[in-house]
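As structure tokens, the structure follows; a few thoughts come after it.
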Amino acid sequence: MNLIAPLITPDTILLDMSFSSKKKLFEHAAELLAQTHGLKSIDIFTSLFERERLGSTALGYGIAIPHGRIKGLKDASGAFYRLKTPLEFDAPDNQPVSLCFILLVPKDANERHLQILGELAHLFGDDAMRTKMMGAATPSELIALLDAWSS
């Protein structure tokens, strides 16, 4: 079962964006996801930023999965960013991040949170899939890739 595809929409897929820092990326994602879910952007930003302070959410290979638990969120949700200018993310392989999946889960969604993170790690660990995601021309093309993917 694909847990990733239902988390994003064409509106939450941003291709070839540029940010000057992780903080700016998190601010943008917080605004976007707050509008989408009727939440406060400061709550989302704080959750993402606090999690990142515990340790980098970069996996290596130019991938990061910033994530946070959000009070008042009903279901897991996400935003996919492909960065035009890779960002420094303190990755284990010291590579800057080009593909970033921001994941939000309800405050008490422990098991689901771990299942989704595991599937995202598996998805991004696939060399061919990373290449396809880097080459997707439109949000619809990226959604089709994710819909077709299975772990």
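When a residue number appears, it is its place in the shown sequence, counting from 1.
- Side-chain contact check for T36 versus D11: every heavy-atom pair is 4.5 Å or farther apart.
- Linking Ile, Leu, Val, Met, Phe, Trp and Tyr residues whenever their side-chain heavy atoms come within less than 4.5 Å leaves L15 and Y81 in two separate clusters.
- Considering all non-hydrogen atoms of both residues, L32 and A79 come closest at CD2-CB, 4.1 Å.
- Between the side chain of R82 and the backbone N or O of A136 there is at least one donor-acceptor pair closer than 3.5 Å.
- Under a hydrophobic-cluster definition in which Ile, Leu, Val, Met, Phe, Trp and Tyr are linked whenever side-chain heavy atoms come within less than 4.5 Å, directly or via other members, I44 and F80 are assigned to different clusters.
- Shortest non-hydrogen contact noted between L14 and M17 is CB-CG, 3.6 Å.
- Here the side chains of E111 and Q115 are in contact, with some heavy-atom distance below 4.5 Å.
- At least one donor-acceptor pair under 3.5 Å links the side chain of T46 to the backbone N or O of I42.
- Not a single donor-acceptor pair under 3.5 Å links the side chain of N2 to the backbone N or O of A148.
- Nearest heavy-atom pair across H37 and L73 is CG-CD1, 4.0 Å.
- Closest of all the heavy-atom pairs between A91 and S56 is N-OG, 4.3 Å.
- At distances below 3.5 Å, not a single donor-acceptor pair connects side-chain atoms of S77 with backbone N or O atoms of L104.
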Exercise for the section: Test N110 against R69 for side-chain contact (heavy atoms from CB on, under 4.5 Å), laying out the working first. Expected result: CA-CA 9 Å; N110 294 333; R69 296 174 184 272; 2.8 Å; yes
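- Sorted by first and then second residue, the pairs that involve residues 88-110 and meet salt bridge (Lys or Arg N to Asp or Glu O under 4.0 Å), not counting sequence neighbours, are K22-D90.
- Cluster membership for I63 and L120, using ILVMFWY side-chain heavy atoms within less than 4.5 angstrom, is shared.
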Practice task
Could you walk me through whether L123 and L146 pass side-chain contact (heavy atoms from CB on, under 4.5 Å), step by step?
Solution key: CA-CA 9 Å; L123 168 76; L146 293 175; 3.7 Å; yes
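- Minimum interatomic distance between K40 and A34 (heavy atoms only, all atoms of both residues): C-CB, 4.0 Å.
- Once rounded to the nearest 0.5 Å, the distance linking CD1 of I116 with CZ of R112 reads 4.0 Å.
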Practice task
May I have the step-by-step check of side-chain contact (heavy atoms from CB on, under 4.5 Å) for H122 and W149, ending in yes or no?
Solution key: CA-CA 11 Å; H122 195 122; W149 184 78; 3.6 Å; yes
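- Under a hydrophobic-cluster definition in which Ile, Leu, Val, Met, Phe, Trp and Tyr are linked whenever side-chain heavy atoms come within less than 4.5 Å, directly or via other members, L33 and L25 are assigned to the same cluster.
- Atom NZ of K132 is separated from atom CG of D126 by 7.5 Å, given to the nearest 0.5 angstrom.
- There is a path of hydrophobic side-chain contacts, each under 4.5 Å, that joins L142 to F101.
- The main-chain N or O of I8 is never found under 3.5 Å from a side-chain atom of T12 such that the two would form a donor-acceptor pair.
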Practice task
May I have the step-by-step check of side-chain contact (heavy atoms from CB on, under 4.5 Å) for M133 and F124, ending in yes or no?
Solution key: CA-CA 9 Å; M133 287 188 281; F124 284 123; 3.4 Å; yes
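- Rounded to the nearest 0.5 Å, atoms CD1 (I4) and CG (D147) are 11.5 Å apart.
- For the atom pair I65 CD1 and I102 CD1, the distance stands at 10.5 Å (nearest 0.5 Å).
- Here the straight-line distance linking atom CG of L39 with atom NZ of K71 works out to 12.0 Å at 0.5 Å rounding.
- Considering all non-hydrogen atoms of both residues, S47 and I70 come closest at CB-CD1, 3.6 Å.
- Remark: Y61 OH is loosely packed, at most 12 non-hydrogen atoms of other residues, nucleotides or ligands lying under 6.0 Å away.
- In this structure, OG1 in T9 is found 6.5 Å from CD1 in I143, a value given to the nearest 0.5 Å.
- A donor-acceptor pair under 3.5 Å is formed between the side chain of E52 and the backbone N or O of T57.
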